[in-house]
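Structure, as structure tokens:
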Amino acid sequence: MPQFEDKLCTREQLAARVAALPKPVVLTNGVFDILHRGHVTYLAQARALGASLVVAANTDASVKRLGKGDDRPLNQCADRMAVLAALESVSLVVDFDEDTALEVVQQARPEIYAKGGDYQMDAIPEGKAVLAYGGQAIAIDFEHDRSTTKLLTKVRAQRPA
Ligand SMILES: Nc1ncnc2c1ncn2[C@@H]1O[C@H](COP(=O)(O)OP(=O)(O)OP(=O)(O)O)[C@@H](O)[C@H]1O
Ligand SMILES: O=P(O)(O)O[C@@H]1O[C@H]([C@H](O)CO)[C@@H](O)[C@H](O)[C@@H]1O
């Protein structure tokens, strides 16, 4: 097993594994279906806010409920998690089956919660929870105009009729 797979963590292990990480701990969450430059830049910036980065990835069932499309996610959860774990910026990867990462945040209690600039921190449950216990919630501005959905549109447009 490659060493980066040591970063994969179960929900049961989460609190103990986070407690062992260098502080401050930054946590973020998302689908990360087809990893692109926007994602890796954003994850590196999130990691630079603290000393460790925990990424919570939506389970496949949870992605289905987000309404990104019937065929999403393209990459199954275990694969999305392994790709995230292989990144230098990432310290720990956990999955979550709920509609939001609120419970993950409550279990992990990171010093900092980060999310892309497409979200308003005081309007989402994860951001509100971290702010309520005195942590920081930080939105990171988009640096690259990329998205999984745009990539898929491009691929589909190139398919022969
Ligand atoms: N281009 C980007 N620059 C910076 N952050 C991004 C970018 N795209 C996504 N993110 C952030 O990465 C996290 C995961 O995003 P997500 O998986 O929704 O990416 P996406 O490519 O926009 O996907 P989709 O097109 O399926 O909605 C979110 O916190 C989001 O804010
Ligand atoms: O990759 P996405 O679509 O940005 O990730 C979603 O983020 C939501 C956000 O944290 C607001 O609550 C979350 O609820 C959802 O489950 C996805 O992780």
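Whatever order the structure lists them in is the order used to number ligands and atoms, beginning at 1.
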Which of the atoms in ligand 2, numbered in the order shown and given with their element, are less than 4.0 Å from a heavy-atom of [X]?
X	answer
F96	16 (O), 18 (O)
N58	15 (C), 16 (O), 17 (C), 18 (O)
I124	11 (C)
Y113	10 (O)
G30	1 (O), 5 (O), 18 (O)
E126	9 (C), 10 (O), 11 (C), 12 (O), 13 (C), 14 (O)

Would you list the atom pairs, donor with acceptor, under 3.5 Å between side chains in residues 135-144 and any protein atom, with sequence neighbours excluded?
unit_1, atom_1, unit_2, atom_2, d
E143, OE2, Q45, NE2, 2.7
H144, NE2, R37, NE, 3.3

Between [X] and [Y], is any pair of side-chain heavy atoms under 4.5 Å apart?
X	Y	answer
V26	R47	no
L14	F96	no
R17	V94	no
V105	L27	yes

Heteroatom proximity flag, E98 to ligand 2, N/O under 3.5 Å: no
Could you see which bit of [X] sits under 4.0 Å from ligand 2, with heavy atoms only: side chain, backbone, both or neither?
X	answer
V31	both
D118	neither
K68	side chain

Is there a donor-acceptor pair under 3.5 Å between the side chain of [X] and the backbone N or O of [Y]?
X	Y	result
K115	T28	no
S91	V54	no
D33	L74	yes
S52	P22	yes
K7	L84	no

Distance from atom 6 (C) of ligand 2 to nearest protein heavy atom, with residue and atom: Y119 OH, 3.6 Å
From K128, R65, M121, K115 - option closest to atom 7 (O) of ligand 2 by heavy atom: K115
Heavy-atom nearest neighbour of atom 14 (O) of ligand 2 within options T148, V105, V63, D99: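 The nearest heavy atom belongs to D99.
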Stepwise side-chain contact (heavy atoms from CB on, under 4.5 Å) check, R72 with T148: CA-CA 10 Å; R72 305 288 299 278; T148 301; 3.2 Å; yes
Stepwise side-chain contact (heavy atoms from CB on, under 4.5 Å) test for T149 and K68: CA-CA 8 Å; T149 303; K68 286 180 189 270; 5.7 Å; no
Near ligand 1, at a heavy-atom separation below 4.0 Å: residues by chain and residue number: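 N29, V31, F32, H36, G38, H39, Y42, K68, R72, K115, G116, D118, F142, H144, R146, S147, T148, T149.
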